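All values reported here derive from a predicted model rather than from experimental measurement.
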Amino acid sequence: MDAKITYQNKDKEMLFIVDENSGEIDKSKFASKKDIHKNHLWHNEVALFIINTQGKILLQKRSQNVHYNKGKWGMVANHPNINQTNIQSLSEKAEEELGLHLDEKSIMFFTLAKRDDEQKNKFAYFYYVKGDFKDEDIHIEPYLTTEYKWWDYEELKEKMLENSPDTVFKNIPFYVFVFKELEKIIKGIDTTKTIKYKELLIAETEDKVQLPCILHRPKNDTKDIAIFVHGSGGNFFKQSYLNDLINRLTYSGFAFMTTNNRGAEQETHLYKLSDGRYERFKAGSKYENFEESFYDIDAFVSLAHEQGFEKIVLIGHSLGTLKVLNYALKNKSIDKIVLMSPVDMVFRFRERVHEKYDYFINLAKLETENGNGDKMLTNEFSAKKIYTTFRYGSSADTIAIEENRKNRVLDYTGKIEIIKGTQDHVYGNYSTEYVDETLKNEFKNANLAIYNIKNANHAYKGYEKQASALLAKSVEKLMK
């Protein structure tokens with residue numbers, strides 16, 4: 001049959017509707033593929049990574065004739081119909097698009113994720129097949145595929161991490177998990193490529209949330225590591241000074257870990273591991289519970305220890321400074337921290353809402369206690385974000401620059417370096433001198449140093465080199 005007709009007929013194929021919670025198939029419940037997608041019904045999808053003996057991954061570029069991801073590089077993927085197993089569905093698709101005849105017994109399962117994004121509710125099953133595949137074995141179907149390419153794992157991982165527009169892989173937790181599992185398979189094949197100096201890791205929190213990290217190692221072995229915790233809506237590569245900082249620290253012989261916590265991006269989704277499956281939930285700056293940041297940082301610290309590191313410096317930027325500080329106040333083993341652009345979040349929120357401060361705090365408390373913590377109370381913040389981050393007396397209420405709060409002294413006795421810009425908007429109309437004196441009083445029990453970058457803003461735009469140089473110097477100082 002003509003490829004165009006075959007492809008269009010797939011919309012008419014019947015797929016099983018699966019249980020939203022268990023993923024189990026009820027053979028009495030099915031609908032056409034078209035209706036499944038139209039009505040956002042839960043169903044199964046399968047995907048296959050084809051790997052050769054050199055550890056290269058086969059991807060095909062999707063044509064402009066397909067429904068989704070037109071013109072992007074992707075793997076073999078399909079929807080098993082009611083008369084197929086997952087393996088049969090993948091085998092059919094590999095032959096249809098690439099002309100590859102696969103031994104179904106060699107197709108191996110490696111991970112599963114529950115997804116409800118892109119208006120699709122599905123359980124995504126991922127498989128791989130390893131073999132001595134030759135270019136002469138591949139015969140692409142031009143209606144569906146315009147070309148194919150064998151990709152190096154590291155090159156493909158970079159595409160995912162950078163949100164490259166030319167592949168189907170995006171820097172979202174779902175694909176981070178897939179690539180981490182895929183790396184285990186690739187490493188078993190490709191022994192010629194070193195993945196030592198930049199490695200994708202997954203930190204699992206006490207409450208089973210999976211968080212991605214990038215570990216940058218120096219060429220020499222070291223037991224010293226700095227861990228970076230981003231601020232509201234950040235992620236592990238967004239800060240413009242990080243690349244320079246990574247180079248400076250690794251050149252000086254220190255390892256550096258960049259991390260994503262639950263406040264990554266403004267609005268996203270994360271996954272919890274539950275009964276062997278990744279369960280998706282709302283996350284991002286809008287929905288984060290500040291109290292849970294302790295679990296996130298604890299997972300990063302534990303992961304660093306598992307990797308053989310002993311001496312740890314925690315670095316926080318913006319809201320990340322409050323997370324680092326809260327963690328260090330509760331975990332006395334952390335006695336070396338760097339705060340970049342530390343912020344008084346109570347003050348910041350009061351500046352935004354003015355006389356409505358008490359109204360929002362009380363409403364946030366009510367909604368959170370009634371189980372409606374994800375309810376948005378402003379365009380930017382949910383109830384639980386407001387209640388756990390902007391409330392007087394919360395765990396986030398540590399850095400305090402307002403006059404009525406400035407006389408507090410924190411119970412931190414370790415070493416602390418503070419870096420900030422003199423044009424940082426988070427300090428409102430307070431002068432640099434006033435903020436410095438307030439911080440010195442708060443940390444009078446600590447070994448404190450404060451560095452101001454003249455004219456720099458909150459993100460050090462235009463002063464990135466200066467910020468990274470100061471930060472590297474602080475880390476080196478704290479590691480002594």
Side-chain angles (χ1 to χ4, degrees), residues 201-215 224-236 239 254-264 270 283 285 288-307 309-346 384-385 387-391 393-400 408-419 439 442-443 445-448 471 474-475 478-479:
L201 301 174
I202 300 294
E204 183 175 283
T205 66
E206 182 180 328
D207 55 343
K208 302 300 181 183
V209 175
Q210 311 285 301
L211 299 170
C213 314
I214 298 291
L215 175 59
D224 301 340
I225 187 171
I227 301 175
F228 182 82
V229 179
H230 63 72
S232 295
N235 57 41
F236 54 29
Q239 296 300 332
F254 302 112
F256 187 61
M257 184 187 291
T258 53
T259 64
N260 266 17
N261 58 66
R262 297 177 213 218
L270 287 175
S285 179
E288 68 176 324
N289 179 342
F290 185 88
E291 299 290 342
E292 294 173 339
S293 68
F294 181 91
Y295 299 132
D296 298 351
I297 298 178
D298 197 52
F300 304 145
V301 170
S302 296
L303 181 59
H305 286 312
E306 289 170 12
Q307 293 292 317
F309 298 104
E310 296 174 358
K311 192 180 294 185
I312 295 174
V313 172
L314 288 183
I315 304 169
H317 176 258
S318 191
L319 179 59
T321 64
L322 304 186
K323 295 177 180 180
V324 164
L325 186 52
N326 176 59
Y327 184 78
L329 288 169
K330 295 176 179 177
N331 183 348
K332 299 302 183 181
S333 69
I334 298 298
D335 59 356
K336 292 174 283 292
I337 62 176
V338 182
L339 308 182
M340 299 191 71
S341 305
V343 58
D344 179 347
M345 293 304 290
V346 175
K384 67 182 176 185
K385 171 78 173 196
Y387 186 65
T388 64
T389 310
F390 307 136
R391 184 183 87 253
S394 70
S395 295
D397 181 18
T398 47
I399 299 294
R408 68 173 62 183
V409 178
L410 295 177
D411 181 27
Y412 180 74
T413 58
K415 297 178 181 179
I416 177 171
E417 305 266 305
I418 293 178
I419 300 170
L439 293 172
E442 276 205 292
F443 294 105
N445 293 327
N447 186 341
L448 171 68
L471 184 49
S474 290
V475 171
L478 293 173
M479 288 295 189

Over all heavy atoms of both residues, which pair between [X] and [Y] is shortest? Give the atoms and the distance, please.
{"X": "Q210", "Y": "I202", "result": "OE1-CG2, 3.4 Å"}
{"X": "L448", "Y": "L439", "result": "CD2-O, 4.0 Å"}
{"X": "A400", "Y": "D344", "result": "CA-OD2, 3.4 Å"}
{"X": "K385", "Y": "S232", "result": "NZ-OG, 3.8 Å"}
{"X": "A446", "Y": "G414", "result": "CB-O, 3.3 Å"}
{"X": "I419", "Y": "S474", "result": "CD1-OG, 4.0 Å"}

Let me confirm one number: the [atom1]-[atom2] distance from [X] to [Y], rounded to the nearest 0.5 Å.
{"X": "I334", "Y": "I297", "atom1": "CD1", "atom2": "CD1", "result": "9.0 Å"}
{"X": "F300", "Y": "T205", "atom1": "CZ", "atom2": "OG1", "result": "9.0 Å"}
{"X": "D296", "Y": "L211", "atom1": "CG", "atom2": "CG", "result": "5.0 Å"}
{"X": "I315", "Y": "M257", "atom1": "CD1", "atom2": "CE", "result": "12.0 Å"}
{"X": "F290", "Y": "D397", "atom1": "CZ", "atom2": "CG", "result": "10.0 Å"}
{"X": "L410", "Y": "I416", "atom1": "CG", "atom2": "CD1", "result": "8.5 Å"}

Within the distance-only criterion (no hydrogens, no angle test), does the side chain of [X] pair as donor or acceptor with the backbone N or O of [Y] below 3.5 angstrom?
{"X": "K332", "Y": "L329", "answer": "yes"}
{"X": "H317", "Y": "T321", "answer": "no"}
{"X": "Y412", "Y": "K415", "answer": "yes"}
{"X": "T259", "Y": "F228", "answer": "yes"}
{"X": "N445", "Y": "V409", "answer": "no"}

- Using the salt bridge (Lys or Arg N to Asp or Glu O under 4.0 Å) rule, take K323 and E288 through it: C-alpha gap first, then chi angles, then the decisive distance, then the call. CA-CA 12 Å; K323 295 177 180 180; E288 68 176 324; 2.8 Å; yes
- V343, L325, V346 screened by side chain to side chain contact (heavy atoms under 4.5 Å, CB included) with I399, the one that passes: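 Filter result, single survivor: L325.
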- For F443, look at atom CZ and say whether over 12 heavy atoms of other residues, nucleotides or ligands are found less than 6.0 Å away.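 Correct, the count exceeds 12.
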- Message: I'd like to know whether NZ of K330 has more than 12 heavy-atom contacts from other residues, nucleotides or ligands below 6.0 angstrom.
- Response: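 Result for NZ/K330: enclosed.
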Taking the side chain as every heavy atom from C-beta outward, state whether [X] and [Y] have any pair of such atoms under 4.5 Å apart.
{"X": "E292", "Y": "T388", "result": "no"}
{"X": "I227", "Y": "F309", "result": "no"}
{"X": "D224", "Y": "V475", "result": "no"}
{"X": "I225", "Y": "Q307", "result": "no"}
{"X": "E417", "Y": "V313", "result": "no"}

Return all side-chain donor-acceptor pairs below 3.5 angstrom for residues 335-342, not counting sequence neighbours, or 'none' if the list is empty.
residue : atom : partner : partner atom : Å
S341    : OG   : H458    : O            : 2.9
S341    : OG   : Y460    : OH           : 2.8

- Task: Establish, from distance only, whether the side-chain atoms of E291 and S395 form a donor-acceptor pair under 3.5 Å.
- Result: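 Yes, side-chain donor-acceptor contact under 3.5 Å.
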- Query: When you look at V229 and Y327, which way does the side chain to side chain contact (heavy atoms under 4.5 Å, CB included) test go after all the steps?
  - Reply: CA-CA 11 Å; V229 179; Y327 184 78; over 6 Å; no
- Trace of the side chain to side chain contact (heavy atoms under 4.5 Å, CB included) decision for H305 with I312: CA-CA 9 Å; H305 286 312; I312 295 174; 3.7 Å; yes
